[in-house]
J.: 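Before I ask anything, here is the structure I am working with.
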Amino acid sequence: MLRFTISLLASGLCLSLASVAQPNPDRPNLRQGAYYPEAVAAQRLADTAQTYQTRAAWEKRATLLRKGLRDGMELPERPNFAPLKPIRHSLRQLDGYTVENVAFESLPGFFVTGNLYRPVGITGKRPVVLCPHGHSDLLEGRTLEAVQQRSATLARMGAVVFAFDMLGYGDSKQCEHKLPKALKLQALNAIRSLDFLLSLPNVDASRVGVTGESGGGTQTFLLAALDPRVTVVVPVVMVSAHFFGGCTCESGMPIHKRPTHETTNAELAALSAPRPLLLVSDGKDWTKNTPAVEFPYMQKVYRLYGAEDKVANVHLPNEGHDYGPSKRDAAYRFLATHLGLDLNRVLKKDQLGSGTIDESRNTLLDREALRVFTTEHPRPKQAVQGDDAVMALLK
């Protein structure tokens, strides 16, 4: 342990014990926030990796982890999903893509709300990309610039994109965000959102990407772990060996500590293997250690499949916790490679002949224009309202 700690210090990694979360005495089965010191978490991850030296050993572990996820989230084998009867309105044709406002029931009485972006002028079956978003003080996500930019750009590249609300954000006002079982409901909403995307005409179910930042990054790798339909995974500024998510919607149910095992977000993200996985990290949050800790671990797991070329890390040491232009650039290029998107449709050639991503053709719409439920389009009467009513749906 001492040698490992010294090596981390020599690499310039911060090991402050002040960032360590205290165990929740009321919920000892939870792992929340920065639960472990960074050096301890790194050593635990390295030790865990030693327990599966073969693909068969890893897949046995992966089966246990997936069962732990489903049991910890209390996910039924066959969720009681409502029929898909999407509400769609306010279609706008913009420069190379369209946007419309969409809602549909996930569980009977609970509506997922979001925006559907589609490419214009491209024929044939199109790949799909699901865009969960992160937390913000505004209780807005999909209407903020970063989500509109990536959704529009990916649509211009040829993807059919759905950006949807977290609980309590945007149009999703049937309950508070920190619902006790928010993790379960958001997972069900993500699965149903993928059902919606794949129900659309002219989409290619063999090319399915998911990308989100922060809490949306958590949704990204958890959906990939739970749903084999996901084929390309891009969690941004989230995957960490020592940080377990700071919100109820990420770590408020016992998915990391089970009677049979303990795990971390790094190991859960590795359940994406051998599907293409890009970790986007930065130097100013809990992903600052990714090049030295989480990424080498992912490479070991992918090596068990002979698929080390399918996992990548773009680290931005001088940047912070966001899904800004350079992080989007990394995601666009990775998704273009692995989903067969046309990067040339969004490249601006410079004098040297290379290309930079041009988002200037995207139209940033006013958030009210992106609302699903309005005076003209009210929330359906069967929608339940209030935390207690929503929790009752999750029994």
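All figures in this text were calculated on a predicted structure; none of them were measured in a lab. Numbers here are sequence positions counted from 1.
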J.: If the plane angle is over 60° it's perpendicular, under 30° parallel, otherwise tilted; pick one for H89 and H377.
T.: parallel

J.: Any salt bridge between E213 and K327, counting N to O under 4.0 Å?
T.: no

J.: Salt-bridged, R44 to D47, with N to O below 4.0 Å?
T.: no

J.: Please check if the side chain of R303 supplies one atom and the backbone of E308 the other of a donor-acceptor pair under 3.5 Å.
T.: no

J.: So do the side chains of Y323 and V147 get within less than 4.5 Å of each other, counting heavy atoms only?
T.: no

J.: Check this for me, if you would: do E140 and R371 make a salt bridge, where the nitrogen-to-carboxylate-oxygen distance has to be below 4.0 angstrom?
T.: yes

J.: Could you pull out all residues at least two apart from F243 that satisfy ring pair (Phe, Tyr, Trp, His ring centres under 6.0 Å)?
T.: W286

J.: Between D165 (side chain) and D171 (backbone), is there a donor-acceptor pair under 3.5 Å?
T.: yes

J.: Any chance you could measure Y332, atom OH, to M157, atom CE, to the nearest 0.5 Å?
T.: 8.0 Å

J.: Rounded to the nearest 0.5 Å, what's the gap from CG on D204 to CZ on R126? Could you check?
T.: 8.5 Å

J.: What heavy-atom pair brings I255 and G72 nearest, and what distance separates the two atoms?
T.: CG2-C, 4.0 Å

J.: Per the side chain to side chain donor-acceptor pair (under 3.5 Å) rule, which among E250, E294, H256 passes with N265?
T.: H256

J.: What I'd like to find out is whether the side chain of V372 reaches to under 4.5 Å of the side chain of N101, using heavy atoms alone.
T.: yes

J.: Any chance you could measure R88, atom CZ, to L116, atom CG, to the nearest 0.5 Å?
T.: 5.5 Å

J.: I'd like to check F334 versus V232 (side-chain heavy atoms, cut-off strictly below 4.5 Å). Are they in contact?
T.: yes

J.: Given 3.5 Å as the limit, does a donor-acceptor pair link the side chain of K173 with the main chain of G168, or not?
T.: yes

J.: If only atom types and distance count, is the side chain of R275 paired as donor or acceptor with the main-chain N or O of A224 below 3.5 Å?
T.: yes

J.: Going by the angle between their ring planes, with limits at 30° and 60°, are Y117 and Y97 parallel, tilted or perpendicular?
T.: parallel

J.: Please answer whether the main-chain N or O of R156 pairs with a side-chain N or O of R345 as donor and acceptor at a distance below 3.5 Å.
T.: yes

J.: Does T48 form a side-chain contact (heavy atoms from CB on, under 4.5 Å) with E267? I'd like the steps, not just the answer.
T.: CA-CA 9 Å; T48 300; E267 197 177 25; 3.4 Å; yes

J.: Where is the tightest heavy-atom contact between C131 and R150, given as atom of each residue plus distance?
T.: SG-NE, 3.7 Å

J.: Heavy-atom count around E176 CD within 6.0 Å, excluding the residue itself: above 12?
T.: no

J.: When you measure from the side chain of T211 to the backbone N and O of V234, does any donor-acceptor pair fall under 3.5 Å?
T.: yes

J.: Any side-chain heavy-atom pair from L271 and L268 closer than 4.5 angstrom?
T.: yes

J.: Treating T113 as the side-chain partner and A103 as the backbone partner, does any N or O pair qualify as donor plus acceptor under 3.5 Å?
T.: no

J.: Any side-chain heavy atom of D342 sitting closer than 4.5 Å to one from I122?
T.: no

J.: K67 versus T260: any side-chain heavy-atom pair under 4.5 Å?
T.: no

J.: I'd like to know if the side chain of H133 and the backbone of M166 have a donor-acceptor N/O pair within less than 3.5 Å.
T.: yes

J.: Should L277 and P235 count as side-chain neighbours, where that means a heavy-atom distance under 4.5 Å?
T.: yes

J.: Side chains of S172 and F110: does their closest heavy-atom pair fall under 4.5 Å?
T.: yes

J.: So, the side chain of N29 versus the backbone of K257: is there a donor-acceptor pair under 3.5 Å, distance only?
T.: no

J.: Tell me, please, which residues at least two apart from F196 pass ring pair (Phe, Tyr, Trp, His ring centres under 6.0 Å).
T.: F104, F162

J.: Between Q186 (side chain) and L167 (backbone), is there a donor-acceptor pair under 3.5 Å?
T.: yes

J.: Can you list every pair that meets salt bridge (Lys or Arg N to Asp or Glu O under 4.0 Å) and has a residue in residues 385-395, with sequence neighbours left out?
T.: none

J.: Salt bridge check: are D227 and R229 linked by an N-O gap of less than 4.0 Å?
T.: yes

